[in-house]
A.B. asks: 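Supplied in structure tokens, the structure appears directly below.
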Amino acid sequence: MRHEPGVAAASVNLATERATVSFRPDATSLEALFEAIERAGYEPIRPAPEADGTLDRERVARAADLADVRRRFSVAAILTVPIVVAALPHMLGFHLAWIPAWLSDPLTQFLLATPVQIWSGYRFYRGAWATARHGTTDMNTLVSVGTTAAYGYSVVATFAPEAFVAAGLTPVLYYETSAVLITIILLGRLLEARARGRTSEAIRALLALGAKQARVLRDGSEVEIPIEAVVAGDVVLVRPGEKIPVDGVVLDGRSTVDESMITGESLPVEKNAGDEVIGAILNRTGSFRFRATRVGSDATLGQIVRLVEEAQVAKAPIQQLADRVAAVFVPAVIVLAALTFAAWWIWGPQPAFPLALANFIAVLIIACPCALGLATPTAIMVGTGRGAEKGVLIKGGDALEVAHQIRVIALDKTGTLTKGTPNVTDVVPAAGWTEDALLAIAASAEVGSEHPLGEAIAAAAAARALRLTIATAFEAIPGEGIIAQVERSAVLLGNRKMLADRCVVLSSLDATAEALSADGKTPVYVAVDGRLAGMLAIADTLKEEAVKVVARLRRMGLRTVMITGDNRRTAQAIARAVGIDDVLAEVTPGDKASEVKRLQSSGARVAFVGDGINDAPALAQADLGIAIGAGTDVAIESASIVLVGDDLRGLLTAMRLSRATIRTIRQNLFLAFAYNVALIPLAAGVFYLLWGWLLNPIFAGAAMAASSVTVVANSLRLRKA
């Protein structure tokens, strides 16, 4: 493509099957580029009238591709069933009276098998031709050669059986061999097509997270405009409960915002004049005005979209072992079959041609890569199915292949190792107070509060079934806490600064507050009628299984790293509690991907486990992205493996299952070759000179079928993994 006239640059995103081409319109045209792509053996996505934009065109094209695979598989499956039924006597070695004679007729089987071979199998022939034009072979070549050998032999046996009789051979049909192979591999392609295009959906989900409208000041008036119309320098107004439209700096007003989807920090962040705000995050409590500084693709959300795309483009494709083997095996078999034909035709006994043809086809059939074609997809199908049963959704064979090579596991903190929501972890009463009394009066002051800390305190009181009294007066002090009237008591609840400014003596709990802070917890002081009543500690707590999971990962020989946007003190406290090897704290979304890239630079394969939008670039950059299913849609779409729910033990299942599946694939490949390589000399007639042995195609087919059955049976053992 880069050599086409007018093309300045071209890059291919192998993860999404998208190509980006920069060209000069004065030197070439879009239609000329489409033709160049088609000449290379690929199908371009042409603009569709019902689709708007690149992502919509891709969605339409992928839907059409999925529908095409589904149609071809459905036709193949429907026609293959009667073909297999008709072949049962041949496969079992005895007659079955219930099979009608017309179904066993060779012409009937030909009519059933031909649409499967030609129409349903067209995708394999097209793929084989595309690789052949570049002088290579792949799995499409394997399927094409193998099925064509079995089908072609059967066609000759159907319309020219005398050629086999003349050679002293019994004509046998192998239509079921080619039909079953095409049907099974089309099923694998159908599952693959359904999982394809995840990154495009991830980018669509990312863009959907942003605000659609913005309220700005224009000519002294407040107007609502589309987000695309906001420009840097605009003054934007934000009310409680609204999404912040673009990045900017607060001019006036106060509020708390939820930055968890960007920074990973679950606790709310106070915003005052001069503070930066990020587009797409949620404004929780107050109103404020800010000046837009970064809009569109320059804003934080736009940069995350770009990082996801760039990280996906940078990932190298995973070449399947079967494809590497096929590159050598398929040409070698074809050459060997041709030499066998030539040798028998030139030096063989009379009638030479029928014997040469029979031995030529016998070599192709015995070396038919049916088992090789089944070795990878059957193991992947069983492995992914077993994963689904255990709550681990694996998006294809590439994820399984990479997972067993992982040496470093990088984990996000919030929502991955921790529960992702603030909880009351400690209730520390002062002299004269009990835990329940302290928690009850604090929760009474916070009843109805929309602040996450207030919600956590109210939830803790509800868990203890404490009786609460609704506050008769309530005032929020932005960035500090609240003042409330509970029955006849004046209640102060907030940070140290708030209570100290109101002359509350706090020294009796200073040591406790320092210890709680060192553990990554947030101390909240409570004073009643001007006297210290106690302290509550609030933190995002660890998941119950986190410690055991990290310990198991380390025993598996994996290095564990925590990457989080949270503050360093909290991150280190969590890492100590869970047993993480290394900690990277206060990391922005863009830097998360950079940190993953830095870990990869040492040569180690890196997996990243996360759950939020802030994790999407890192999930894409990692060799293996693993998303917690309870997290955001964009994290799930960006990942290669999804753990259903929020149970971290699924990570262990995924790693264990990947190793078992790859081990099974390697066993399958060995078994496939064991049959083929051992019997190829017999099929070629090598032993004819010594003992007069020729391999009857019936036994060639039996050996080929046995190798396929063995491979499938070995793959099915994964159901117990």
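Residues take their numbers from the sequence shown, with the count starting at 1. Side-chain atoms are counted along with the backbone in the values below, which use heavy atoms only and exclude waters and symmetry mates.
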A.B. asks: Under 3.5 Å, is there a donor-acceptor pair linking the side chains of N668 and S715?
C.D. replies: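 Present: a donor and an acceptor within the cut-off.
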A.B. asks: Does L111 offer a backbone N or O that forms a donor-acceptor pair with the side chain of T114 under 3.5 Å?
C.D. replies: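 Side chain of T114 to backbone of L111: no pair is present.
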A.B. asks: Are side-chain heavy atoms of L718 and R386 found at a separation under 4.5 Å?
C.D. replies: no
A.B. asks: Is it true that Y125 and Q117 share a donor-acceptor pair across their side chains at a distance under 3.5 Å?
C.D. replies: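 Yes - a donor-acceptor pair under 3.5 Å links their side chains.
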A.B. asks: Does some side-chain heavy atom of Y153 sit less than 4.5 Å from a side-chain heavy atom of L173?
C.D. replies: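 SC-SC contact between L173 and Y153 ruled out.
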A.B. asks: Quick check: do V116 and Y151 have side-chain heavy atoms less than 4.5 Å from each other?
C.D. replies: no
A.B. asks: Checking the side chain of R605 only, and the main-chain atoms of A403 only, is there a donor and an acceptor separated by less than 3.5 Å?
C.D. replies: no
A.B. asks: Do you know which two heavy atoms are closest between A179 and I83, and how far apart they sit?
C.D. replies: CB-CD1, 4.0 Å
A.B. asks: Taking A379's backbone N and O only, do any of them form a donor-acceptor pair with T664's side chain (distance below 3.5 Å, no angle check)?
C.D. replies: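 A pair under 3.5 Å: no.
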A.B. asks: Rounded to the nearest 0.5 Å, what separation is found between the CZ atom of R71 and the CG atom of L66?
C.D. replies: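 One finds 10.0 Å between CZ of R71 and CG of L66.
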A.B. asks: With a 4.5 Å limit on heavy-atom distance, are the side chains of Q621 and F608 in contact?
C.D. replies: no
A.B. asks: Ignoring hydrogens and angles, tell me if any N or O in the side chain of T80 forms a donor-acceptor pair with the backbone of V180 under 3.5 Å.
C.D. replies: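 Answer holds: no.
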A.B. asks: Rounded to the nearest 0.5 Å, what separation is found between the CG atom of L619 and the CD1 atom of I641?
C.D. replies: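 Spacing of CG (L619) from CD1 (I641) equals 11.5 Å.
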A.B. asks: Over 60° means perpendicular and under 30° means parallel, so classify the ring planes of F110 and F159, tilted if in between.
C.D. replies: perpendicular
A.B. asks: Quick check for you: to the nearest 0.5 Å, what is the distance between R72 atom CZ and T183 atom OG1?
C.D. replies: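 Taking CZ in R72 and OG1 in T183, the distance rounds to 13.0 Å.
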A.B. asks: What is the minimum heavy-atom distance between A622 and V596, and which atoms define it?
C.D. replies: CA-CG1, 3.7 Å
A.B. asks: Would you indicate whether the side-chain heavy atoms of R666 and I662 approach each other to under 4.5 Å?
C.D. replies: yes
A.B. asks: Can you tell me how far the CH2 atom of W102 sits from the CG atom of L107, to the nearest 0.5 Å?
C.D. replies: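 It comes to 12.0 Å.
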A.B. asks: Which pair of non-hydrogen atoms, one from A86 and one from S104, has the smallest distance, and what is that distance?
C.D. replies: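 Closest approach of A86 to S104, heavy atoms only: O-OG, 4.0 Å.
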A.B. asks: If you round to the nearest 0.5 Å, how far is CZ of F73 from CD1 of I78?
C.D. replies: 9.5 Å
A.B. asks: Testing the 3.5 Å rule here: is there a donor-acceptor pair between the side chains of Q667 and R717?
C.D. replies: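 The answer is yes; a qualifying pair exists.
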A.B. asks: Crowded around F670 CZ? As in, over 12 foreign heavy atoms under 6.0 Å?
C.D. replies: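 Not buried by this count: 12 neighbours or fewer within 6.0 Å.
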A.B. asks: Atom OG of S154 and atom CD of E176: how far apart are they, to the nearest 0.5 Å?
C.D. replies: 7.0 Å
A.B. asks: Is there side-chain contact between Y175 and L112, with heavy atoms separated by less than 4.5 Å?
C.D. replies: no
A.B. asks: Heavy-atom count check: over 12 atoms from other residues, nucleotides or ligands less than 6.0 Å from W129 CH2?
C.D. replies: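 Open.
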